[in-house]
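Just so you know, ligand 1 is whichever comes first in the structure, and atom 1 is the first atom listed for that ligand.
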Amino acid sequence: MPDTAVMPIPGQVDPVPAPRDITPREDGRIDLLGLPKSRIRELFETAGLDPKQAKLRAKQVFHWLYHRGVTDFEAMTDIGKAMRPWLAKHFIVGRPNVVEAQVSNDGTRKWLLQTDDGHDFEMVFIPDADRGTLCVSSQVGCTLNCTFCHTGTMRLVRNLTPGEIVGQVMLARDALGEWPKGKMDFADDADEADYRSDGRLLTNIVMMGMGEPLYNFDNVRDALKLVMDGEGLALSKRRITLSTSGVVPMMERCGEEIGVNLAVSLHAVTKEIRDEIVPINRKYGIEELLQACADYPGASNARRITFEYVMLKDKNDSDEDARELVRLLREYDLPAKVNLIPFNPWPGSIYECSTPERIRAFSNIVFEGGISAPVRTPRGRDIDAACGQLKTAAEKKSRAQRDREAAQADAA
Ligand code: SAH
Ligand code: SF4
């Protein structure tokens, strides 16, 4: 199995970027998952098709790949029978490998996934009465180390590729049986009438899994473009939210080049506390962050910015904190809503969750300040699928393994 560069967590704010191209496969075939139409077309030409053929085949394959979820070239019925084995000889359509799938007693589902080079990451599906939200990871681990977040304690990090990111959404559609059904021969558009996309369970996407999406900007953007493409997964940008801990220099590009809803992990209203619990604050402070929010392209009263605020007992949950939060959001005139997240504990975490009474009091103050501040119901806690609990079993195991090895070395 070929391995790729991983980034150590150096305890510094800005990670070392680890750009990574397509993972080479031992069989020499190229995985098309995550590639845009233009790249697929180029690859078809390189493999020997003439430009006109390459253009037509790229359009067809793109549609089967992203709109219909087909992974087998044999199922691409509008492509000539003779052509299909040629495609299969040179290319494949992959998916992230599933190591384990779990279901919580509240219906939340978590998948432990693995890249082709053996790195584990996770995705979570949260069904609600009126929507189904997929929580997507952008990195293996996270180079930032927010003190309340389990992912932030992971040892190794690498950016996920566009294929590994969009692959999560596609895998979820596979698992939920949600690809459009019906006959489709799109060489003749009249047949589009046979095409149905019904019973959507997966309606929303949040980039709130493992990792800091704005530290993997290009890959996240390229993946979300495929998700938003009308000929691709065709999910509206209004149903996609990207959450950042506050990578200020990338926020404008996020609005301009991706255009999805923005969520910001604020979590504290003073420099002292935010420096401690969200260490990126030492680099990009609260004022700078809120100014970037005020400048966020596309934010309006109809499309508010969500401010996430994790409720940590005796840390950031006083009445004074709540009042300061209202003051700050007003000062920057932000179209804001606040999402209060009860802290989800994990083994070894050093915080406690605020009491329900404290959370209610905090929420009331923010509401009275004219800003909506619902409390998020924790979901999937029993399977470690809740916010901030994602840390792969393999990583836990490797820690345990290391501890055992250390103990054996001590004993020797
Ligand atoms: N890295 C991005 C997105 C992933 S985290 C970010 O930090 O915004 C998604 C949300 O869960 C963030 O608001 C994060 O701060 C929050 N979170 C992390 N650990 C948590 C925990 N243990 N309990 C509750 N929320 C947590
Ligand atoms: Fe990384 Fe977000 Fe966790 Fe902070 S809260 S360590 S930025 S995943």
Side-chain angles (χ1 to χ4, degrees), residues 7 9-15 121-124 126 133-157 159-160 165 168 205-217 220 240-248 250-251 254 260-268 273-284 289 292-293 305-313 315-317 337-354 359 375-381 384-392 395:
M7 297 186 280
I9 289 182
Q12 66 193 34
V13 164
D14 275 332
F121 60 107
E122 295 181 331
M123 72 169 185
V124 175
I126 307 145
T133 306
L134 187 71
C135 182
V136 172
S137 290
S138 57
Q139 299 182 308
V140 178
C142 183
T143 49
L144 297 169
N145 14 45
C146 303
T147 47
F148 51 85
C149 174
H150 208 189
T151 310
T153 67
M154 278 182 72
R155 199 166 46 100
L156 297 173
V157 165
N159 285 335
L160 292 176
I165 298 168
Q168 295 171 62
I205 291 180
V206 292
M207 295 302 301
M208 292 187 188
M210 296 172 128
E212 169 48 59
L214 295 189
Y215 271 156
N216 185 16
F217 182 81
V220 167
I240 304 174
T241 301
L242 182 146
S243 174
T244 180
S245 56
V247 184
V248 168
M250 299 310 291
M251 285 169 58
C254 176
V260 292
N261 303 320
L262 184 69
V264 171
S265 294
L266 191 60
H267 302 319
I273 303 294
R274 195 160 192 271
D275 274 358
E276 179 192 331
I277 67 177
V278 188
I280 195 177
N281 195 63
R282 295 177 207 155
K283 184 143 189 163
Y284 311 113
L289 175 58
C293 291
I305 295 175
T306 304
F307 289 89
E308 294 158 284
Y309 200 99
V310 64
M311 298 302 295
L312 304 173
K313 189 174 183 186
K315 195 39 104 184
N316 63 355
D317 63 350
K337 57 187 173 198
V338 170
N339 219 327
L340 300 177
I341 316 176
F343 170 64
N344 292 307
W346 35 273
S349 58
I350 55 173
Y351 300 107
E352 276 181 67
C353 182
S354 311
I359 298 178
V375 181
R376 194 188 287 172
T377 317
R379 299 287 302 267
R381 270 186 177 174
D384 285 348
C387 292
Q389 291 189 320
L390 301 186
K391 174 165 173 170
T392 55
E395 170 82 5

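Remark: atom 2 (Fe) of ligand 2 lies closer than 4.0 Å to no protein heavy atom.
Atoms of ligand 1 lying under 4.0 Å from any heavy atom of Cys149, numbered from 1 in the order shown and given with element: 18 (C), 19 (N). Residue Leu144 has at least one heavy-atom neighbour below 4.0 Å for each of these atoms of ligand 2: 6 (S), 7 (S). Contact atoms of ligand 2 toward Gly152: 6 (S) (distance under 4.0 Å to a heavy atom of the residue). In the vicinity of Met208, heavy-atom distances shorter than 4.0 Å reach the ligand 1 atoms 4 (C), 5 (S), 9 (C). For ligand 1, the atoms sitting less than 4.0 Å from at least one non-hydrogen atom of Glu212 are 1 (N), 2 (C), numbered in the order shown with element in parentheses. For ligand 1, the atoms closer than 4.0 angstrom to any heavy atom of Trp346 are 22 (N). Atoms of ligand 1 lying under 4.0 Å from at least one heavy atom of Gly209, given by number and element, are 4 (C). Here is the list of ligand 1 atoms found below 4.0 Å of a heavy atom in Thr244: 6 (C), 8 (O). The distance from ligand 1 to the heavy atoms of Asn344 drops below 4.0 Å at these ligand atoms: 21 (C), 22 (N), 23 (N), 24 (C). Close approach of ligand 1 to Gly211 is summarised as follows: ligand atoms under 4.0 Å from at least one heavy atom of the residue are 1 (N), 2 (C), 3 (C), 4 (C).
Among all heavy-atom pairs drawn from Leu242 and Met207, the shortest one is CA-CB, 3.9 Å. Shortest non-hydrogen contact noted between Leu289 and Gly246 is CD1-CA, 3.7 Å. Closest approach of Cys142 to Glu212, counting heavy atoms only: SG-N, 3.9 Å.
Judged by distance alone, with hydrogens and angles left aside, the side-chain atoms of Asn261 form a donor-acceptor pair with the main-chain N or O of Ile240 at under 3.5 Å. The backbone N or O of Ile126 sits nowhere less than 3.5 Å from a side-chain atom of Arg379 that would complete a donor-acceptor pair. Within the 3.5 Å criterion, the main-chain N or O of Leu340 finds no donor-acceptor partner in the side chain of Glu308. A donor-acceptor distance shorter than 3.5 angstrom exists from the side chain of Arg274 to the backbone of Leu266, with no hydrogens or angles considered.
The shortest N or O to N or O distance between His150 and ligand 1 is not under 3.5 Å. Taking any N or O of Phe148, backbone or side chain, at least one lies under 3.5 Å from an N or O belonging to ligand 1.
Atom 1 (Fe) of ligand 2 does not have Cys149 among its coordinating residues (no N/O/S atom, backbone or side chain, under 2.8 Å). Checking Cys146 against atom 4 (Fe) of ligand 2, an N/O/S atom falls under the 2.8 Å cut-off.
At least one heavy atom of His267 sits under 4.0 Å from some atom of ligand 1.
With a 4.0 Å cut-off on non-hydrogen atoms, Ser245 touches ligand 2 through its side chain and not its backbone.
Judged by distance alone, the side chains of Tyr215 and Ser138 never bring a donor and an acceptor atom under 3.5 Å apart.
Ring to ring, His267 and Phe148 are close: their centroids are under 6.0 angstrom apart.
Side-chain contact between Met210 and Gln139 is absent, with no heavy-atom pair separated by less than 4.5 Å.
A salt bridge links Glu276 with Lys315: the distance from a Lys NZ or Arg NE/NH1/NH2 to an Asp or Glu carboxylate oxygen falls below 4.0 Å.
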